[in-house]
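Reviewing the structure listed below.
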Amino acid sequence: MTHIFHRNPALTLPVAVRGEGCYLIDAQGRRYFDGSGGAAVSCLGHAHPRVIAAMKQQMETLEYAHTSFFSSEPAEQLASLLAEHSPANLGNVYFLSGGSEAMETALKMARQYHVENGQPQRDHFISRRQSYHGNTLGALAIGGNLPRRKLYEPLLMQTTQVAPCFAFRYRLAGETDADYVERLGQELEDSLLELGPQRVAAFVAETVVGATSGAVAPVPGYLARMRDICDRHGVLLILDEVMCGIGRTGTYHAFEQENVVPDLLVLAKGLGGGFQPIGAVMASDRVVQTISAGSGSFQHGHTYVGHPLACAAALAVQEEIIGQDLCAKVRSSGELLGRLLDERFANHPNVADIRGRGLFRAIELVQDRDGNQPFAPQLRLHAKIKQTAQDLGLLCYPGGGTIDGINGDHVLLAPPYNSTPEQLAFAADTLAVALDECLDTRPFQQQKKA
Ligand code: PLP
């Protein structure tokens, strides 16, 4: 008997009772390797002593002070640390309690910037299909994850969605990276012109797409081209690094690998590593100075903005990531995980693509590799793999609708940065067993023969 309105009330979930390093342990004593850090959250695993000590100390000193009355030491220190490890122009941090809230904040900041900059007609956002930016109404409106949007469509603000940069599925035969970038750039440019002059407030993209399509990195030059188009049209660039940021792809910010700097950067999961709910927007000087010199204050706020305990936890997480040079570890462990996945899946008849960066990797599944045809969506292969892997002691993050919101299945791995080589091998091996167990069942056998 439960009084929780669970995500899926029909399911009886195991109860997690303890975390130990890269493992979660349930009430039956079963241990699970956290191969996806939940949803790419637990970058340091669980029960990290440094983070726990920092939280205890903060709890005994100051648990909460409303930000209309006070700033706080952990919030100031965390903001300074983030600024120090980011491009000089991005050193203005606004703290929130999670990714969706941070995304809403970035949209509103972009809007207020334009109003105060004398362009109040800029009230429209362009984003991309096959993206996810959160489940609150503003974030959902710019998101391109069809299943998550569908029920709420009538409530969502109008946005324009352009194609994702998803080379495996959408680069045309014979098209080079440069041609593909050109085509996507032209689509953005056409949309801006169609919407009318100075109508668009911001272009929004995940630097590396996470849950919707599974660790899809942009082709070289794509984001730089988008940045250039935004600049020419006075449009802000908002990069969503809620999932792919804070070291996950091997650099502190994922955009560092793209030769661009956004106007607004959105962070969450790896910021607090799951020890506390926290998100942040890092805003450029241009945005903040325009608002400061205009009305003087950002017309926004939440009760738990800059929560001292959340900031103290996130500060300890960031000190560990930076102090232990975990970005370098993510790069080397990421290469190892890539090799392990290649060994197990490069010749697998039902794995069409192995992709990702750092410790943010995915495989995409198909009926057969000749035409890269996906399995029928109603078979819900991704959901079956999730359950089978969990039964085998591996937590991974599969998703469906990989290609267009309906068709396609992928499995995302996002293990903690301090995972050992043996643990990464366990993840790859167990995923291979789970996949084959699912594909051996009758509906998949039938579809493979069809
Ligand atoms: N943006 C991206 C890229 C995400 O992956 C997510 C969550 O998965 C969000 C935003 C929303 O974050 P939250 O679930 O913390 O509200």
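In this text the structure is predicted, and so the values were computed from the model without any measurement. Just so you know, ligand 1 is whichever comes first in the structure, and atom 1 is the first atom listed for that ligand.
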Using a 4.0 Å cutoff against the non-hydrogen atoms of Met243, which atoms of ligand 1 qualify? 5 (O)
Atoms of ligand 1 close to Glu206 [distance to a heavy atom under 4.0 angstrom, numbered from 1]: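 Those of ligand 1 that fall under 4.0 Å from Glu206 are 3 (C).
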Closest protein heavy atom (residue, atom, distance) for [atom]:
{"atom": "atom 9 (C) of ligand 1", "result": "Val242 CG1, 3.7 Å"}
{"atom": "atom 14 (O) of ligand 1", "result": "Ser100 OG, 4.3 Å"}
{"atom": "atom 1 (N) of ligand 1", "result": "Asp240 OD2, 2.7 Å"}
{"atom": "atom 8 (O) of ligand 1", "result": "Lys269 NZ, 2.8 Å"}

Salt bridge (Lys or Arg N to Asp or Glu O under 4.0 Å) for Arg31 and Glu20? Distances and angles first, verdict last. CA-CA 9 Å; Arg31 290 167 73 82; Glu20 262 179 34; 3.1 Å; yes
Please step through salt bridge (Lys or Arg N to Asp or Glu O under 4.0 Å) for the pair Glu364 and Arg169, ending with a clear verdict. CA-CA 11 Å; Glu364 187 178 328; Arg169 284 291 173 185; 2.7 Å; yes
For the pair Glu187 (side chain) and Ala163 (backbone), establish whether a donor and an acceptor sit closer than 3.5 Å, ignoring hydrogens and angles.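 Checking the backbone N and O of Ala163 against the side chain of Glu187, a donor-acceptor pair under 3.5 Å is found.
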Examine distances only and state if a side-chain atom of Asp34 and a backbone atom of Cys22 form a donor-acceptor pair shorter than 3.5 Å. no
Using distance alone, decide if ligand 1 has a nitrogen or oxygen within less than 3.5 Å of any nitrogen or oxygen in Gly99.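 N/O-N/O distance under 3.5 Å: yes.
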Under the criterion salt bridge (Lys or Arg N to Asp or Glu O under 4.0 Å), I'd like the reasoning laid out for Arg225 against Glu182: C-alpha separation, chi angles, the key distance, then a yes or no. CA-CA 8 Å; Arg225 177 91 172 103; Glu182 193 49 42; 3.4 Å; yes
Non-hydrogen atom of Glu101 closer than 4.0 Å to ligand 1: no
Whether Met103 lies under 4.0 Å from ligand 1, heavy atom: no
Is ligand 1 under 4.0 Å from a heavy atom in the side chain of His133, in the backbone, in both, or in neither? backbone
Can you tell me which residue among Gln257, Arg357, Arg361, Arg331 is in a side chain to side chain donor-acceptor pair (under 3.5 Å) with Thr249?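 When side chain to side chain donor-acceptor pair (under 3.5 Å) is applied between Thr249 and each of Gln257, Arg357, Arg361, Arg331, only Gln257 qualifies.
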Do Tyr23 and His46 have ring centroids that are under 6.0 Å from one another? no
